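Since the structure comes first, as structure tokens, the remarks are kept for the end.
Model, not experiment: these values are computed from the prediction.
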Amino acid sequence: MLKKLVTVTRSGSIESEHYGIGAIVNSDGKILKEWADSSQLIYPRSSLKPIQSLNLFKDGHIEKENLSEKQIAFSTSSHFAEDIHQELIQDWLKKLDINESKLACGEDWPWMLDNKFKAYGKYKQKRKIFHNCSGKHCAHLAVAIERGLDIEKYNSKDHLIQKELFNLIENLSETKLDQIGVDGCTLPNPLMPLNKFGYLMANFSDFKKHDNLGEVASKIYNSCVNQPDYAGGKESENSKLTKLLEKKVFFKNGAEGVFVAIIPDQKISVVAKILDGNARASSTAIAGMISELNIIDKTKLELFLNKPIANSIGETIGDISWIG
């Protein structure tokens, strides 16, 4: 079953439509609301990063290495390789005494056009530190080094870090992982029902439910809402939404139209997946679902609920709108 969640209009007429699935799930595993059949299988993609960081930091790495909030937030990020991100990862790699060639992600350019030009002018080539998942990869290297584990194949599904991740996901989501895919950055990514992913993230939000894990999850959450630009970028939609909700919610986006919102005060998560994978609709969908919780004045979400579309001379000629 499909549900139309977002429409795109031009000059008063619907030009495109985006269908999707979604769910609001609490830390008891109860589905409070769903859009279409939320048992459909998805790859969480980068929206899994808070859980990947939880797995990395569960054994005390934050305290052992005295990680800053900026480093913790950066480990969850799909960053834009802005100057602040480049400086942080280069400093982190220097402290680890390791070259960026050890990062298992690919080489890339910064996300924003002005930063692309700056990077080309300075380096004349793509770099691994510019990859939007390089923060997560740097954190993997840091933990592997601290624990004395192999750093050459930390991205293999057979590596101890990844086996621990799968076990953590299965325990917190109460679901068996039957298929492990490969994310765009080369790290493993599990195929799982959207509502079980929602349960996983709701468990992340319930800091008092899991003792030590909850303490670590709380540190990750607080780092991300305190340092939203390091958990995305100044123009990243997840960072903008996190700022808008004033530390009540941490938003994390993933490729192929996935978006998750973590809400500790209510011990719930909200997950949206646009079935055609279009990111322009996913931030509108997650904002629409959040708007139904009445935790923020809907007028503050207007730029996400009805995102204006402009032509080449800046005239508004349509919008991307939540209709779910």
Self-check item: Check: N55 side chain, I161 main-chain N or O, donor-acceptor pair, under 3.5 Å
Solution: yes
Quiz prompt | Donor-acceptor contact below 3.5 Å, side chain T186 vs main chain A104 | solution = yes
Exercise. Please confirm whether Y154 and H159 have ring centers closer than 6.0 angstrom.
Key: no
Practice problem: Report yes or no: does D28 contribute a side-chain atom to a donor-acceptor pair with the main-chain N or O of K30 at less than 3.5 Å? | Solution: no
Quiz item: Side chains of V25 and L200: closer than 4.5 Å at any heavy-atom pair?
Solution: no
Practice problem: Look at the side chain of Q71 and the backbone N and O of S68, then say whether any donor-acceptor pair between them is shorter than 3.5 Å. | Solution: yes
Quiz prompt | Short side-chain to backbone donor-acceptor contact, S75 and I72, under 3.5 Å | solution = yes
Quiz item: If you look at every heavy atom in S282 and F259, which pair is closest and at what distance?
Solution: OG-CD1, 3.6 Å
Self-check item: Whether Q86 side chain and A81 backbone form a donor-acceptor pair below 3.5 Å
Solution: yes
Practice problem: Taking N222 for its side chain and S218 for its backbone only, find out whether a donor-acceptor pair lies under 3.5 Å. | Solution: yes
Exercise. Applying side-chain hydrogen bond (donor to acceptor under 3.5 Å, both in side chains), run through K307 and S283 and close with a yes or a no.
Key: CA-CA 10 Å; K307 290 190 286 189; S283 58; 2.8 Å; yes
Quiz item: Is there a side-chain contact between M201 and P50 (heavy atoms, below 4.5 Å)?
Solution: yes
Exercise. Side-chain contact test, heavy atoms from C-beta onward, threshold under 4.5 Å: evaluate it for E256 versus Y43 and give yes or no.
Key: no
Practice problem: Return yes if a side-chain donor-acceptor contact under 3.5 Å exists between H61 and R147, otherwise no. | Solution: no
Quiz prompt | With T76 via side-chain contact (heavy atoms from CB on, under 4.5 Å) - residues at least two apart | solution = K49, S53, I220, C224, A231, F250
Exercise. Would you name the heavy atoms of L56 and A139 that are closest together and state the gap between them?
Key: CD1-CB, 3.8 Å
Quiz prompt | 4.5 Å side-chain heavy-atom contact, F207 and L213 | solution = no
Practice problem: Give a yes or no on this: more than 12 heavy atoms of other residues, nucleotides or ligands lie within 6.0 Å of atom NZ of K248. | Solution: no
Quiz item: Is a side-chain N or O of S47 found less than 3.5 angstrom from the main chain of V258, in a donor-acceptor match?
Solution: no
Quick one: side chains of residues 187-199, donor-acceptor pairs under 3.5 Å with protein atoms, not counting sequence neighbours, listed by atom name and distance.
from: N189; atom 1: OD1; to: R45; atom 2: N; distance (Å): 2.9
from: N189; atom 1: ND2; to: R45; atom 2: O; distance (Å): 3.3
from: N189; atom 1: ND2; to: D183; atom 2: OD2; distance (Å): 3.4
from: N195; atom 1: ND2; to: S38; atom 2: O; distance (Å): 3.4
from: N195; atom 1: ND2; to: S38; atom 2: OG; distance (Å): 3.2
from: Y199; atom 1: OH; to: E174; atom 2: OE2; distance (Å): 2.9

Self-check item: Full working for side-chain contact (heavy atoms from CB on, under 4.5 Å) between I21 and D37
Solution: CA-CA 6 Å; I21 55 177; D37 179 5; 5.5 Å; no
Quiz item: Is K234 salt-bridged to E82, cutoff N-O under 4.0 Å?
Solution: no
Quiz item: Is the side chain of Y221 donor-acceptor paired with the backbone N or O of V249 at a distance under 3.5 Å, no angle test?
Solution: yes
Quiz item: Heavy atoms, side chains only, cut-off 4.5 Å: are Q52 and K136 in contact?
Solution: yes
Quiz item: Between the side chain of K124 and the main-chain N/O of G121, is any donor-acceptor distance below 3.5 Å?
Solution: yes
If you look only at distance, which donor and acceptor atoms sit under 3.5 Å apart when one is on a side chain in residues 110-120 and the other is two or more places apart or in another chain?
from: K116; atom 1: NZ; to: P110; atom 2: O; distance (Å): 3.0
from: K116; atom 1: NZ; to: W111; atom 2: O; distance (Å): 2.7
from: K118; atom 1: NZ; to: D83; atom 2: OD1; distance (Å): 3.3
from: K118; atom 1: NZ; to: D83; atom 2: OD2; distance (Å): 2.9

Self-check item: side-chain contact (heavy atoms from CB on, under 4.5 Å) between Q266 and S27, intermediate numbers included
Solution: CA-CA 9 Å; Q266 299 188 31; S27 63; over 6 Å; no
Exercise. Mind running side-chain contact (heavy atoms from CB on, under 4.5 Å) on L5 and K3 for me, showing each step along the way?
Key: CA-CA 6 Å; L5 298 180; K3 184 169 178 59; 4.1 Å; yes
Exercise. Determine, for D108 against R127, whether the closest basic-nitrogen to carboxylate-oxygen distance falls under 4.0 angstrom.
Key: no
Quiz item: Among E164, E215, E63, which one satisfies salt bridge (charged side-chain N to carboxylate O under 4.0 Å, His left out) with K58?
Solution: E164
Practice problem: For atom NZ of K243, decide whether the heavy atoms of other residues, nucleotides or ligands shown that lie under 6.0 angstrom number more than 12. | Solution: yes
Quiz prompt | Nearest heavy atoms of N238 and G232, plus distance in Å | solution = OD1-CA, 3.8 Å
Quiz item: Using 4.0 Å as the upper bound for N to carboxylate O, is an ion pair formed by E107 and K126?
Solution: no
Exercise. With the side chain counted from C-beta on, respond yes when E17 and V6 share a heavy-atom pair under 4.5 Å apart, and no when they do not.
Key: no
Quiz item: Would a 4.5 Å heavy-atom cut-off, applied to side chains only, mark V270 and I262 as touching?
Solution: no
Quiz item: Stepwise, does the side-chain hydrogen bond (donor to acceptor under 3.5 Å, both in side chains) test hold for S239 with D229?
Solution: CA-CA 6 Å; S239 297; D229 288 342; 4.9 Å; no
Quiz item: Which heavy-atom pair separates S321 from D319 by the least distance, and what is that distance?
Solution: OG-OD1, 2.9 Å
Quiz item: So, for L103 and S134, which heavy atoms are closest and what is the spacing to 0.1 Å?
Solution: CD2-O, 4.2 Å
Quiz item: Looking at H131, H137, H85, which one forms a ring-ring contact (aromatic ring centres under 6.0 Å, His included) with H79?
Solution: H85
Quiz item: Looking only at side chains, do S78 and K252 share a donor and an acceptor under 3.5 Å apart?
Solution: yes
Self-check item: Evaluation steps, side-chain hydrogen bond (donor to acceptor under 3.5 Å, both in side chains), between E302 and N306
Solution: CA-CA 6 Å; E302 182 62 24; N306 296 286; 2.9 Å; yes
Self-check item: Pairwise side-chain contact, S269 with S205, heavy-atom cut-off 4.5 Å (strictly under)
Solution: no
Quiz item: Under the side-chain contact (heavy atoms from CB on, under 4.5 Å) criterion, do K102 and K128 qualify, and how do the steps go?
Solution: CA-CA 9 Å; K102 296 299 183 182; K128 289 193 172 191; over 6 Å; no
Quiz prompt | Where F304 and E237 come nearest, the two heavy atoms and their spacing | solution = CE2-OE2, 3.8 Å
Practice problem: Inspect the contact between E65 and K95 and indicate whether a charged nitrogen and a carboxylate oxygen are less than 4.0 angstrom apart. | Solution: no
Exercise. Look at atom NZ of K94 and say whether more than 12 heavy atoms of other residues, nucleotides or ligands are closer to it than 6.0 Å.
Key: no
